[in-house]
Amino acid sequence: MSMILDTRAVSPTERTEYWAAGIAEHYFPMRVESFGSATFDARLAGGAVGPLLVRSISGPPHRVARKRGMIASADPESILLYLVRRGCCIVEQDGRSCELRAGDLAVQDTSRPSSFEAPVGFDVMVLSFPRWVLGGRADAIAARAAERVHGGRDPVVRLAVPLFSGAEMMAEGPGLTGRDGDAVADMLLPVVLNLFRRGDDAAAASDALAARMRRYALEHLSDADLGPSRIAGAHHVSTRHVHKQFAAAGGVSAWIRQQRLESAAEELRSTDRPVSEVASRWGYRDPASFARAFRRAWGQSPGQMRAAG
């Protein structure tokens, strides 16, 4: 990864202030409190894998805190995943705190006050997941903020750590962008969800997201460009996730087509609008295509259904 901050670039007396200013510029505003280190030798390196930011942070004993005013001034609206690799640290949020040692994991929500304290020298990797990437799962994960996931006891952690370390390697140099970066991010998401979900929270969040997607689609059935990409964009998730949410209904395109044809059939029975107008209202610009789809769905033509009342 590229070196972003290195306090050795300035004199020892300027390093704490330099670190605070650099963190605010490259991360977000935080108050830095040094624990009396004579040299304050700290480094921040970073890169990106798709929409995820990967950071490596090492430094002497110190504490950083994020207050409400700082959040109001700048908030990336992300969930931070900490992996401690050396030393220990104390993560606080929402009235909870946990001590993390090498191999342990925890999360914090950048949109709420929090603190990170290292009583000894430390080295951590931080993965930043934007809320729009997590979609409806973000709140379920954030509800586990400042709760220790024990690296020595959880078998999922033992599997996850090499994956996170692999993401760090991919963030080297220019990072991993485009479809490859998005694919790696999609691979990491279910791992994070399994690490931090609580009971059925994840399933409930997924069900709520699916309901919002269906409601959105029903409200925009008459839009010709309604499809997986538009639904994904409206809910800040990947098209792959949209397809997954509609899989039980035969797929998103099939579900939209069925809803449109049902609405068209009801309009034909209850109004005298021309068939071509009904077709256009429900996303079919070509009346012939509408007629073929209608016959496949209902076994009769639009005119026959209208005549039958």
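This one's a predicted model, so the numbers in the text were calculated from it and none came from an experiment. Sequential numbering from 1 along the given sequence is applied to the chain's residues.
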*asked:* Using a 3.5 Å distance criterion without hydrogens, assess whether the side chain of Ser280 forms a donor-acceptor pair with backbone atoms of Ser276.
replied: no
_Least distance between heavy atoms, Tyr284 atom then Ala293 atom_ = OH-CB, 3.7 Å
*Expected output: side-chain Asp104 to main-chain Gly151 donor-acceptor under 3.5 Å*: yes
_From CD (Gln108) to OG (Ser78), nearest 0.5 Å_ = 12.5 Å
*Is there a donor-acceptor pair under 3.5 Å between the side chain of Asp75 and the backbone N or O of Glu77?*
yes
Show me the side-chain donor-acceptor pairs of residues 177-184 shorter than 3.5 Å, one per line, residues at least two apart or across chains.
none

*Val275 and Phe290, any side-chain heavy atoms less than 4.5 Å apart*: yes
_Between Phe122 and Phe116, ring centroids under 6.0 Å_ = yes
*Could you pull out the closest heavy-atom pair between Asp186 and Arg240, with the gap in Å?*
CB-NH1, 3.5 Å
*Can you name the closest pair of heavy atoms from Ser301 and Arg295 and give their distance?*
CB-NH2, 3.3 Å
_Whether Asp94 side chain and Arg96 backbone form a donor-acceptor pair below 3.5 Å_ = no
*Is any side-chain heavy atom of Leu189 closer than 4.5 Å to a side-chain heavy atom of Arg137?*
yes
*Would you say the side chain of Val126 lies within less than 4.5 Å of the side chain of Tyr27, judging by non-hydrogen atoms?*
yes
_Considering all heavy atoms, the nearest Ala167-Val54 contact_ = O-CG2, 4.3 Å
*Answer with yes or no whether the hydrophobic clustering places Leu163 together with Leu134; edges join I, L, V, M, F, W, Y residues whose side-chain heavy atoms lie under 4.5 Å apart.*
yes
*Just by distance, do the side chain of Gln245 and the backbone of Val252 share a donor-acceptor pair under 3.5 Å?*
no
*asked:* Strictly distance-based, threshold 3.5 Å: is any side-chain N or O of Thr7 a donor or acceptor partner for the main-chain N or O of Ala42?
replied: yes
*What is the minimum heavy-atom distance between Phe40 and Ser34, and which atoms define it?*
CD1-OG, 3.8 Å
*Going only through I, L, V, M, F, W and Y residues with side-chain contacts under 4.5 Å, is there a path from Ile4 to Ile57?*
yes
*Just do the side chain to side chain contact (heavy atoms under 4.5 Å, CB included) check on Arg131 and Ile79 with the steps written out, would you?*
CA-CA 7 Å; Arg131 275 182 165 270; Ile79 303 298; 4.3 Å; yes
_For Arg215, side-chain contact (heavy atoms from CB on, under 4.5 Å) partners two or more places apart_ = Arg212, Glu219
*Is there a donor in the side chain of Arg85 and an acceptor in the side chain of Ser56, or the other way round, less than 3.5 Å apart?*
yes
*Can you find a side-chain donor-acceptor pair between Arg230 and Tyr216 that sits under 3.5 Å?*
yes
*Can you tell me if CD on Glu17 sees more than 12 non-hydrogen neighbours from other groups inside 6.0 Å?*
no
*Are Leu53 and Leu188 connected in a single hydrophobic cluster, I mean Ile/Leu/Val/Met/Phe/Trp/Tyr linked by side-chain heavy atoms less than 4.5 Å apart?*
no
*If you measure from CG on Leu81 to CZ on Arg55, what distance do you get to the nearest 0.5 Å?*
14.0 Å
*Would you check if Ser289 and Arg292 make a side-chain contact, meaning some heavy-atom pair closer than 4.5 Å?*
yes
*Once you round to the nearest 0.5 Å, how far does CE of Met3 lie from CZ of Arg8?*
7.0 Å
_Within a 6.0 Å radius of atom CZ on Arg158, are there more than 12 heavy atoms belonging to other residues, nucleotides or ligands?_
yes
*Applying side chain to side chain contact (heavy atoms under 4.5 Å, CB included), run through Arg66 and Gln93 and close with a yes or a no.*
CA-CA 10 Å; Arg66 186 157 160 79; Gln93 191 161 55; over 6 Å; no
_Expected output: side-chain Thr239 to main-chain Ala232 donor-acceptor under 3.5 Å_ = no
*Please indicate whether Arg86 has more than 12 foreign heavy atoms, meaning atoms of other residues, nucleotides or ligands, lying under 6.0 Å from its CZ.*
yes
*Considering only heavy atoms from C-beta outward, does the side chain of Trp19 approach that of Leu44 to under 4.5 Å?*
yes
*List the steps, then state whether side chain to side chain contact (heavy atoms under 4.5 Å, CB included) holds for Trp298 with Gln304.*
CA-CA 10 Å; Trp298 307 116; Gln304 288 171 327; over 6 Å; no
_Expected output: side-chain Arg273 to main-chain Val278 donor-acceptor under 3.5 Å_ = no
*Would you say His150 and Val157 make side-chain contact, with heavy atoms under 4.5 Å?*
no
*Considering all heavy atoms of both residues, which atom of Ser97 and which atom of Ile90 are nearest to each other, and what is their separation?*
CB-CG2, 4.4 Å
_Backbone N/O of Met70 and side chain of Ser73: donor-acceptor pair under 3.5 Å_ = yes
*Stepwise side chain to side chain contact (heavy atoms under 4.5 Å, CB included) check, Met305 with Arg269*: CA-CA 7 Å; Met305 175 167 283; Arg269 287 192 293 261; 3.5 Å; yes
*Given the rule that I, L, V, M, F, W and Y join up when any side-chain heavy atoms are under 4.5 Å apart, are Met125 and Val191 in one cluster?*
yes
*Output yes when a side-chain donor or acceptor of Arg306 lies under 3.5 Å from a complementary backbone atom of Leu268, and no otherwise.*
yes
*Looking at CE of Met30 and NZ of Lys67, how far apart are the two atoms once the value is rounded to the nearest 0.5 Å?*
12.5 Å
*When hydrophobic residues are tied together by side-chain contacts of less than 4.5 Å, even through go-betweens, does Leu127 share a cluster with Met187?*
no
*Please tell me if the side chains of Glu267 and Glu277 come closer than 4.5 Å, counting only heavy atoms from C-beta onward.*
no
*Answer whether the closest heavy-atom distance between the side chains of Cys89 and Val84 falls below 4.5 Å.*
yes
*To the nearest 0.5 Å, tell me how far Leu218 CG sits from Ile256 CD1.*
9.5 Å
*asked:* Quick check for you: to the nearest 0.5 Å, what is the distance between Thr110 atom OG1 and Phe28 atom CZ?
replied: 6.0 Å
